2 protein chains.
Amino acid sequence: MTEHAKQSLPHRRTRHDHSTELAEDYVEAIAEISSSDRNCRIVDLAKYFGVSHVTVNRMVGRLQNEGLVSTEPYKPVRLTAKGSRLANRCRERHEIVYQFLLAIGVDPQAAAIDAEGIEHHVSPETLECFVQQTKAKQC
Amino acid sequence: MTEHAKQSLPHRRTRHDHSTELAEDYVEAIAEISSSDRNCRIVDLAKYFGVSHVTVNRMVGRLQNEGLVSTEPYKPVRLTAKGSRLANRCRERHEIVYQFLLAIGVDPQAAAIDAEGIEHHVSPETLECFVQQTKAKQC
DNA sequence: ATTAAATTGTAGTCGAGGCTACAATTCTGT
DNA sequence: ACAGAATTGTAGCCTCGACTACAATTTAAT
Ligand SMILES: [Mn+2]
Ligand SMILES: [Mn+2]
Ligand SMILES: [Mn+2]
Ligand SMILES: [Mn+2]
């Protein structure tokens with residue numbers, strides 16, 4: 001650790017959050033689409049994220065390299081066990097952030113938008129505080 | 001607007017937040033360093049963010065193109081009026097997010113780290129809710 | 001005044017994440 | 001069965017944000 005690591009730690013952490021963000025959103029999306037549709041296709045993900053199918057195609061390849069999804073040419077995308085576990089964790093965290101924003105009075109539309117970005121920067125400690133606050137508000 | 005814009009709006013918004021994030025963090029850092037040191041140098045920013053001076057150098061060039069900073073070769077980096085206004089807005093938003101996290105019980109270290117990423121995804125509506133919550137807790 | 005150190009600039013590389021254009025494959029309707 | 005539509009894959013391009021290695025300039029020490 002360099003002398004200024006303490007100073008730059010928050011920004012280093014933010015950069016790390018961003019490096020894992022897409023994988024998290026992808027497995028979450030694949031889980032959601034798979035549960036309703038039964039089959040998650042490349043085009044579904046392209047529509048979901050608002051990007052081209054080419055971008056999705058390459059990202060799915062990366063997720064496969066990381067062991068999070070399994071797919072074959074021209075076949076649907078499925079989550080591996082590892083991918084499923086990650087998806088569940090992300091879905092729970094996302095839901096906690098979203099419900100917390102609602103609980104403090106943010107309107108549903110803004111809460112949905114903000115939660116999509118915020119979720120990736122919430123540490124376990126902060127997440128726990130969100131849970132407690134949401135509970136408190138519901139009493 | 002395409003047919004699925006509504007579905008993909010949160011992710012589009014998150015991508016947009018990320019596209020403006022670095023400029024926001026840079027002007028905020030330049031303002032902070034300038035206020036204590038008097039002179040903000042490339043190396044100061046490199047240490048502050050934990051990146052190489054080359055990365056900073058190019059980013060400062062971009063900020064200059066956007067009219068946020070002014071600098072000359074081998075000279076310190078200064079904020080323009082426009083850059084100063086942006087820095088002030090970002091500093092205020094950052095502080096609100098940080099104080100809010102403290103108010104709901106997050107420890108200072110975690111709050112500092114999480115706030116650095118969260119701040120860029122907080123809409124004006126949500127920010128206002130943060131302010132109200134922080135006030136409420138202080139009573 | 002010279003040398004050494006610090007700072008800044010430049011050249012060239014890399015991977016991530018976006019795109020368009022086009023080719024290949026699979027699915028669907030008649 | 002086969003033509004057309006939808007889907008998926010491939011080639012090639014771009015910008016951003018990071019890096020190393022090295023050159024130029026400025027600052028500091030002797
Ligand atoms: Mn999500
Ligand atoms: Mn997200
Ligand atoms: Mn930040
Ligand atoms: Mn972010």
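Chain naming here is simple, since letters A, B, ... match the order of the sequence lines and numbering starts at 1 in each. Both backbone and side-chain heavy atoms feed into the values below; hydrogens, waters and symmetry mates do not. Keep in mind that this is a model prediction, so the values were computed, not measured.
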Original post:
Within less than 4.0 Å of OP1 or OP2 of D:dT20, is there a side-chain N or O belonging to B:S52?
Top reply: no
note: A:H16, atom NE2; D:dA18, atom C1'; distance rounded to Å ~ 15 Å
Those residues at least two apart in sequence (or on a different chain) that pass side-chain hydrogen bond (donor to acceptor under 3.5 Å, both in side chains) with B:T55 are B:S52
Between NE2 of A:H11 and P of D:dA18 the distance, given in whole Å, is 11 Å
Taken to the nearest whole Å, NZ/B:K47 to C1'/C:dT7 is 10 Å
Per the under-4.0 Å heavy-atom filter, residues of residues 57-65 of chain A near DNA chain C come out as A:R58, A:M59, A:R62
The residue, A:V54 or B:L22, whose nearest nucleotide of DNA chain D is more 5′ is A:V54
Residue set satisfying side-chain hydrogen bond (donor to acceptor under 3.5 Å, both in side chains) with A:T126, at least two apart, ordered chain then number -> A:S123, B:D114
Sorted by number, residues from residues 70-78 of chain B placing a heavy atom under 4.0 Å from DNA chain C are B:P73, B:Y74
### Message
Between the base of C:dT8 and the ring of B:H53 - centre-to-centre under 5.5 Å, planes within under 30° - is that a stack?
### Response
yes
Show me the donor-acceptor pairs within less than 3.5 Å that the side chains of residues 58-67 of chain B make with the rest of the protein, sequence neighbours left out.
unit_1, atom_1, unit_2, atom_2, d
B:Q64, NE2, B:T71, O, 2.9

Taken to the nearest 0.5 Å, the spacing of B:R85 CZ from B:T80 OG1 works out to 7.5 Å
Overall bend of the helix from C:dA1-D:dT30 to C:dT30-D:dA1 (five pairs an end, 10° steps) is 10°
Residues 14-31 of chain B vs salt bridge (Lys or Arg N to Asp or Glu O under 4.0 Å), sequence neighbours excluded, gives B:R13-B:D17, B:E24-B:R93
Practice problem: Using a cut-off of strictly less than 4.0 Å, decide whether B:T55 has a side-chain nitrogen or oxygen near OP1 or OP2 of D:dC19. | Solution: yes
From NE2 of B:H18 across to C1' of D:dT15 the rounded distance in Å is 17 Å
Rounded to whole Å, the CG-P distance (B:L45 to C:dG9) equals 12 Å
Angle between ring planes, A:F49 versus A:Y26, binned at 30° and 60°: parallel, tilted or perpendicular?
parallel
Residues at least two apart in sequence or cross-chain that pass side-chain hydrogen bond (donor to acceptor under 3.5 Å, both in side chains) with A:K137, listed by chain then number, are B:Q133
Across all chains, not counting sequence neighbours, the side-chain hydrogen bond (donor to acceptor under 3.5 Å, both in side chains) partners of A:N57 are none
Between CD of A:E66 and P of C:dG15 the distance, given in whole Å, is 15 Å
Residues at least two apart in sequence or cross-chain that pass side chain to side chain contact (heavy atoms under 4.5 Å, CB included) with A:C129, listed by chain then number, are B:I104, B:V106
For B:H16, the side chain to side chain contact (heavy atoms under 4.5 Å, CB included) test, sequence neighbours excluded, returns B:S19, B:T20
Distance-only donor-acceptor pairs under 3.5 Å for side chains of residues 96-103 of chain B, two or more places apart:
unit_1, atom_1, unit_2, atom_2, d
B:Q99, NE2, B:E95, OE2, 2.9

| said: Strictly below 4.0 Å: does B:R15 bring a side-chain N or O up to OP1 or OP2 of C:dG18? | reply: yes
task = Walk me through it: do B:E116 and A:H11 pass the test side chain to side chain contact (heavy atoms under 4.5 Å, CB included)?
result = CA-CA 7 Å; B:E116 197 57 70; A:H11 289 103; 3.2 Å; yes
Rounded to whole Å, the CD1-C1' distance (A:I42 to C:dA24) equals 15 Å
